[in-house]
Protein chains: 4
Amino acid sequence: MVARMHDSTSPRKGRTGRPRSAEADRAILDATRAALVDLGWGKLTMGEVAARAGVAKTTLYRRWANKNELVVDAVAVLFDELELPDRGCLKSDIEGVVLQFGALLARPETKTALMAVVAESTTDNALRERIRSAIVDRQKRLVVLGRERAQQRGELPPDSPGAEGALAATQAVGLIFDVIAGAIVHRTLVSSEPVDPAWAHSFSTLLLTGLVGLG
Amino acid sequence: MVARMHDSTSPRKGRTGRPRSAEADRAILDATRAALVDLGWGKLTMGEVAARAGVAKTTLYRRWANKNELVVDAVAVLFDELELPDRGCLKSDIEGVVLQFGALLARPETKTALMAVVAESTTDNALRERIRSAIVDRQKRLVVLGRERAQQRGELPPDSPGAEGALAATQAVGLIFDVIAGAIVHRTLVSSEPVDPAWAHSFSTLLLTGLVGLG
Amino acid sequence: MVARMHDSTSPRKGRTGRPRSAEADRAILDATRAALVDLGWGKLTMGEVAARAGVAKTTLYRRWANKNELVVDAVAVLFDELELPDRGCLKSDIEGVVLQFGALLARPETKTALMAVVAESTTDNALRERIRSAIVDRQKRLVVLGRERAQQRGELPPDSPGAEGALAATQAVGLIFDVIAGAIVHRTLVSSEPVDPAWAHSFSTLLLTGLVGLG
Amino acid sequence: MVARMHDSTSPRKGRTGRPRSAEADRAILDATRAALVDLGWGKLTMGEVAARAGVAKTTLYRRWANKNELVVDAVAVLFDELELPDRGCLKSDIEGVVLQFGALLARPETKTALMAVVAESTTDNALRERIRSAIVDRQKRLVVLGRERAQQRGELPPDSPGAEGALAATQAVGLIFDVIAGAIVHRTLVSSEPVDPAWAHSFSTLLLTGLVGLG
DNA sequence: ACTTAATCGAGACGGTACGTCGCGTCTTTAA
DNA sequence: TTAAAGACGCGACGTACCGTCTCGATTAAGT
């Protein structure tokens with residue numbers, strides 16, 4: 001189910017009949033997020049979402065094919081709030097974004113939704129692709145940006161020139177992203193301990209100087 | 001559901017009544033893993049597991065309260081196969097365990113089951129606790145062991161003496177575990193790229209020497 | 001369970017939503033009767049009825065709260081086939097209806113179902129009420145009709161005028177109904193002997209002339 | 001299952017091993033009657049009876065093969081209390097026994113148990129036979145006795161002599177028994193109205209003088 | 001006293017049916 | 001044509017009892 005059933009931007013010109021309610025769209029997505037917080041993924045039902053949104057089940061299915069699609073759309077927007085403020089040095093930049101991401105994952109709807117859709121994606125390639133494009137890849141910009149800033153400051157060596165260097169840089173971005181996002185997610189969801197300033201400090205130290213520097 | 005319904009280690013001394021069948025335990029867990037491979041998390045049903053195990057559904061529910069608890073126990077044992085072979089230096093040891101863990105997560109039953117139960121655990125504290133005790137905490141041994149070995153070899157500084165030092169060491173183990181496990185899980189399940197020797201090399205380099213060394 | 005879950009007579013005017021399928025109603029009641037013949041009360045299951053009716057189990061439960069209620073409704077209609085043909089004199093009329101009722105109770109589905117629901121009704125007031133309204137009270141018409149006819153023929157004295165007379169008539173109908181129905185049921189189900197013309201003759205003689213006349 | 005699994009009168013001579021507990025027998029039958037009152041036939045479970053009797057389920061099944069057998073044994077004794085006191089005339093004798101039987105059937109355990117086993121017997125011939133021998137036929141003595149008394153008093157004509165007359169007398173007893181017992185059972189369990197002196201009077205009048213005499 | 005063996009309680013076992021819940025679809029009336 | 005309402009077929013759920021089967025612990029009668 002890659003093809004969207006739903007595109008609120010198309011005005012559906014030249015069509016007859018009663019138009020779809022834009023308000024229903026908003027109410028459904030809001031209800032989905034709220035229900036996710038209250039019930040979690042497993043207890044979330046389409047009927048419940050419809051009831052909370054004051055809408056018939058038919059109206060949901062007219063827009064989204066199933067629970068996964070609905071939830072991905074409902075939560076994708078939540079991840080766009082991450083930013084990389086310039087705190088003057090690479091270490092501070094890292095700590096800042098780590099704390100932001102940690103705070104985001106501490107919120108119940110974010111935590112629940114992210115894990116649920118990722119879990120579902122292990123058996124649904126289309127869903128995995130959708131998550132990557134809608135959520136994950138968009139956040140790699142933070143790593144790219146932080147890296148560029150650090151190179152300009154001289155905290156990191158510049159990329160090697162040429163195609164090889166570009167490839168190495170891409171791979172480095174991927175690696176760093178997996179390490180940062182993975183560590184935060186694992187600490188929050190598996191170890192279930194908080195991503196607080198002390199941990200952010202330890203983590204950024206490890207990331208910058210390695211195990212030897214950790215002491 | 002804090003109290004365990006199931007504890008195969010206690011021999012139930014002095015208790016009356018017919019004892020639980022140890023063979024049923026084993027058959028159920030085997031059937032769960034097999035069904036997980038064939039059907040995936042979403043299609044896995046208690047009835048199917050019972051049928052495959054040649055056991056009544058009641059027998060499952062007598063031991064596990066629901067699908068999540070059962071799958072955690074069924075999958076937990078898979079993680080016990082991880083080892084830390086002595087490859088002579090810290091870097092090689094890390095690469096070895098990273099590759100092992102990566103291979104484990106590449107198997108469908110591990111991947112799908114682990115993500116699903118972690119997702120459910122975001123709204124189920126008892127389940128989270130069970131995951132931690134049955135899976136996560138038991139694997140921290142690998143980090144502890146690798147650290148000790150490296151200290152004996154002189155690759156890492158020894159722990160500071162006294163209570164403070166012990167605390168710092170515990171925190172360091174937790175941090176390192178979150179970083180290693182988090183990175184592997186994230187690469188496998190979110191980025192959906194393989195944990196191969198090249199990546200293991202890059203990752204262990206980053207972990208040992210930090211971003212500067214990655215250059 | 002005083003409120004009816006099921007009322008096929010109300011056309012639900014002005015209500016919204018998909019209406020209940022009248023065909024499903026019929027199919028379910030037919031299937032219930034057929035299954036009753038094949039399986040008997042004890043082996044009759046809701047799932048079996050649903051399967052025979054080509055209907056989902058939920059559809060049964062949407063209409064009837066349990067097996068008893070369903071069977072009462074399924075069997076009630078069978079009693080409507082009883083008639084009081086005009087055979088010219090009271091005694092013949094009685095013999096006719098006695099034989100009809102005896103034949104009805106000889107059929108397996110009637111016998112097994114009636115006794116089972118009556119047995120359940122000893123501890124279920126709602127069920128007893130349903131039996132009375134769906135089966136018993138509707139057949140009192142036969143007694144009322146037979147009595148009127150006999151009065152018109154002069155075989156029985158007319159009702160006394162006034163309220164007292166009406167009350168006495170009502171009580172007489174109740175008494176006669178208990179005697180006739182009770183005797184037939186008892187002979188069939190407890191004594192397990194047939195209601196044949198000879199017995200019908202003896203019984204109607206007893207009923208008309210009393211023990212002295214039986215001599 | 002006509003053969004008894006259980007015979008408390010045999011001392012089991014010459015057998016070794018622990019003897020059966022006579023107290024358990026009594027406790028089980030008492031518990032069965034009590035549970036029948038509280039729960040009714042449908043909700044009565046072997047486990048419940050065992051728990052109330054302070055006995056293991058095994059102990060029940062060692063003595064009775066199933067619920068039916070147990071309940072028949074538990075309730076048969078209740079019907080032996082009926083008597084036919086000599087009140088001087090046939091009509092009074094009838095009213096007396098009608099009221100006795102009515103009072104017996106008004107008690108919850110009697111009512112429930114009788115209907116339950118009769119219902120079950122519609123699909124179990126052995127059970128029907130057991131009921132007839134243990135309960136029904138034993139009460140026909142009341143009709144025989146009352147008839148003889150009335151004949152001695154000259155209220156009823158004597159039996160015709162010879163084999164034919166004996167047959168006729170047997171059939172008359174059967175008919176009268178079905179009418180009396182049937183009417184009382186029907187009024188109590190189906191019409192669910194009380195068998196009080198007024199009704200007993202009307203009924204005995206009908207029985208003696210027939211419909212014409214009923215007025 | 002010591003064996004022998006049937007009984008006891010407790011409770012796990014393989015089954016069957018239960019009545020409920022959520023899914024995603026279909027069918028109605030109203031706007 | 002869409003909307004709300006709600007019935008539909010389907011399939012899994014988790015529970016309740018069934019009647020059977022181990023268990024270890026009693027409890028006599030026969031040695």
Student: Does the side chain of C:Arg20 get closer than 4.0 angstrom to OP1 or OP2 of F:dG6 through an N or O atom?
Tutor: no
Student: Do D:Asp73 and D:Glu69 have side chains that get closer than 4.5 Å, going by heavy atoms?
Tutor: no
Student: Less than 3.5 Å between a donor and an acceptor, one on the side chain of A:Lys57 and one on the base of E:dG24, is that the case here?
Tutor: yes
Student: Can you check whether any acceptor in the base of E:dC26 is under 3.5 Å from a donor in the side chain of C:Arg18, or vice versa?
Tutor: yes
Student: May I ask you to verify whether the side chain of A:Thr59 and the base of F:dA4 hold a donor-acceptor pair under 3.5 Å?
Tutor: no
Student: How close or far is atom C1' of F:dC8 from atom OH of C:Tyr61, stated in whole angstroms?
Tutor: 17 Å
Student: Which part of the nucleic acid, if any, lies within contact of D:Thr58, taking any heavy atom under 4.0 Å across all strands shown: a base, the sugar-phosphate backbone alone, or nothing?
Tutor: base
Student: Taking the side chain from A:Arg33 and the backbone from A:Ala74, do they hold a donor-acceptor pair closer than 3.5 Å?
Tutor: yes
Student: Could you check how far CH2 of B:Trp64 sits from C1' of F:dC13, rounded to whole Å?
Tutor: 18 Å
Student: So, the side chain of C:Thr59 versus the backbone of C:Val55: is there a donor-acceptor pair under 3.5 Å, distance only?
Tutor: no
Student: Do B:Thr16 side-chain and E:dG9 base share a donor-acceptor contact under 3.5 Å?
Tutor: yes
Student: Any side-chain N or O of B:Arg62 under 4.0 Å from OP1/OP2 of E:dG11?
Tutor: no
Student: Does anything in residues 30-49 of chain B reach DNA chain F, meaning a heavy atom under 4.0 Å, and if so which residues?
Tutor: B:Thr45, B:Met46, B:Gly47
Student: Counting only side-chain nitrogens and oxygens, does B:Arg63 get under 4.0 Å of the OP1 or OP2 atom of E:dC13?
Tutor: yes
Student: Separation of A:Asn68 atom CG from E:dC23 atom P, in whole Å?
Tutor: 12 Å
Student: So, the side chain of B:Thr112 versus the backbone of B:Pro108: is there a donor-acceptor pair under 3.5 Å, distance only?
Tutor: no
Student: Separation of B:Leu60 atom CG from F:dA12 atom P, in whole Å?
Tutor: 15 Å
Student: Mind checking what makes side chain to side chain donor-acceptor pair (under 3.5 Å) contact with B:Glu129, not counting sequence neighbours?
Tutor: B:Arg132
Student: When the distance from CD1 of B:Ile28 to P of E:dA12 is rounded to whole Å, what number comes out?
Tutor: 13 Å
Student: Please collect all side chain to side chain donor-acceptor pair (under 3.5 Å) contacts where either partner lies in residues 35-46 of chain D, sequence neighbours excluded, each pair once.
Tutor: D:Asp38-D:Arg52
Student: Taking CG from C:Asp25 and C1' from F:dC8, how many angstroms apart are they, rounded to a whole number?
Tutor: 13 Å
Student: Rounded to whole angstroms, how far apart are CD on D:Glu69 and P on F:dG19?
Tutor: 12 Å
Student: Just how far, in rounded Å, is C1' of F:dG19 from CG of D:Leu70?
Tutor: 14 Å
Student: Closer to the 5' end of DNA chain E via nearest nucleotide, is it B:Ala56 or C:Lys67?
Tutor: B:Ala56
Student: Could you tell me whether a side-chain N or O of C:Lys67 sits under 3.5 Å from a main-chain N or O of C:Leu44, the two making a donor and an acceptor?
Tutor: yes
